[in-house]
Amino acid sequence: MEPMLVEMFEQARKLVTDADRKLAEEEQRRHEKEREAKLMELSGRVEAAFDFTSKEKMELDPRLDLQESKTVVEFVVRSLRAIFTLEPQAEGMWSLSVMDDGREPQALGEFRSGTKADSGSRRLAAARIVTAIGNWAQKLQPATKKPAAQVQPRWQDEPVPAERREPTYGTFGKFLGY
């Protein structure tokens, strides 16, 4: 091929590659803006619907996420090795499900959210979620607890024979029976 033709093809390839890269970057920025907008909307809905205490937030470690283009709140409970997802539904309802280590996702129920005007209803709605998570965790624990082994102090492991007792003098020894 002629060098002039090769140079023209290389310039065309470069132009197409740059245009494709710019389109991909623009598409990714658009997706990020949409994702950010959805997560901001979810954040507002969660704040309006639930009033979790700071202790509950620390234990549950809530995170906003998108799963299959649906917004969800994930509660990552490390001590249980499980992730609980809280997904908004229609008309103030939220569905709670759990993904346990090595098992299929399991629905735990649907819950009505509280209202922004009534902080007591928001707290009650949060308490219902925490209770559902606690109930699920208790079902995992065995129903019967093994009694704790009684540990005797080291000085009582072997009784001292009566012949080896040292004689003591005074009233304290009489009190102990020597």
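Index from 1, following the sequence.
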Notebook entry, point to check: Does the side-chain hydrogen bond (donor to acceptor under 3.5 Å, both in side chains) test come out yes or no for Glu110 and Ser95, once each step is laid out?
Noted result: CA-CA 4 Å; Glu110 287 193 353; Ser95 66; 5.4 Å; no
Note to self: With a 4.5 Å cut-off on side-chain heavy-atom distances among I, L, V, M, F, W and Y, is there a chain of contacts connecting Ile133 to Leu86?
What the structure shows: yes
Item checked: Rounded distance (nearest 0.5 Å) linking atom CG of Leu60 with atom OG1 of Thr53 -> 8.5 Å
Note to self: Tell me every residue that passes salt bridge (charged side-chain N to carboxylate O under 4.0 Å, His left out) with Arg35, counting only those two or more places apart in sequence or in another chain.
What the structure shows: Asp65
Notebook entry, point to check: Do the charged groups of Arg63 and Asp61 touch, with an N to O distance under 4.0 Å?
Noted result: yes
Item checked: Non-hydrogen atoms of Lys116 and Glu47 that approach each other most closely -> NZ-O, 4.2 Å
Checklist line | cation_pi(Arg128, Trp94) dist<6.0 Å, angle<=45 | finding: no
Note to self: Quick check: is Phe111 connected to Val130 through a chain of hydrophobic side chains (ILVMFWY, heavy atoms under 4.5 Å apart)?
What the structure shows: yes
Check: Which atom pair, heavy atoms only, marks the closest approach of Met99 to Gln67?
Finding: CE-NE2, 4.2 Å
Check: At what distance, to the nearest 0.5 angstrom, does OG of Ser119 lie from CG of Leu124?
Finding: 11.5 Å
Notebook entry, point to check: What do you reckon, are the aromatic ring centroids of Phe52 and Phe75 less than 6.0 Å apart?
Noted result: yes
Item checked: Verdict with supporting geometry, Glu25 and Arg21, salt bridge (Lys or Arg N to Asp or Glu O under 4.0 Å) -> CA-CA 6 Å; Glu25 287 174 355; Arg21 182 182 49 79; 3.3 Å; yes
Check: So with a 6.0 Å cut-off around CD of Glu27, is the heavy-atom count from everything else above 12?
Finding: yes
Checklist line | Thr71: side chain to side chain contact (heavy atoms under 4.5 Å, CB included) partners, not counting sequence neighbours | finding: Lys38, Leu42, Leu66, Pro88
Check: What are the two closest heavy atoms between Ser97 and Ala107, and how far apart are they?
Finding: CB-CA, 4.0 Å
Item checked: Those residues that, when tested against Ala82, pass side chain to side chain contact (heavy atoms under 4.5 Å, CB included) (two or more places apart) -> Leu80, Phe84, Val98, Asp100, Trp136
Check: Excluding sequence neighbours, so at least two apart, what forms salt bridge (charged side-chain N to carboxylate O under 4.0 Å, His left out) with Arg123?
Finding: Glu56
Note to self: Membership question, hydrophobic clusters at under 4.5 Å side-chain separation (ILVMFWY): are Leu64 and Leu96 in the same one?
What the structure shows: yes
Margin query: My understanding is that only residues two or more places apart in sequence, or in another chain, count here; which of them pass salt bridge (charged side-chain N to carboxylate O under 4.0 Å, His left out) with Glu34?
Written below: Arg30
Note to self: Side-chain heavy atoms nearer than 4.5 Å, only ILVMFWY residues, links allowed to pass through others: does that put Val46 and Val77 together?
What the structure shows: yes
Check: Of the non-hydrogen atoms in Gly114 and Ala125, which two are nearest, and what is the gap between them?
Finding: N-CB, 3.6 Å
Margin query: Contact between Lys14 and Thr17 at the side-chain level, heavy atoms closer than 4.5 Å - yes or no?
Written below: no
Note to self: List the residues meeting salt bridge (charged side-chain N to carboxylate O under 4.0 Å, His left out) with Glu10, not counting sequence neighbours, and say none if there are none.
What the structure shows: Arg13
Notebook entry, point to check: If you measure from CD on Glu91 to OG on Ser113, what distance do you get to the nearest 0.5 Å?
Noted result: 11.0 Å
Note to self: Is it true that, when you exclude Met93 itself, more than 12 heavy atoms of the residues, nucleotides or ligands shown sit nearer than 6.0 Å to its CE?
What the structure shows: yes
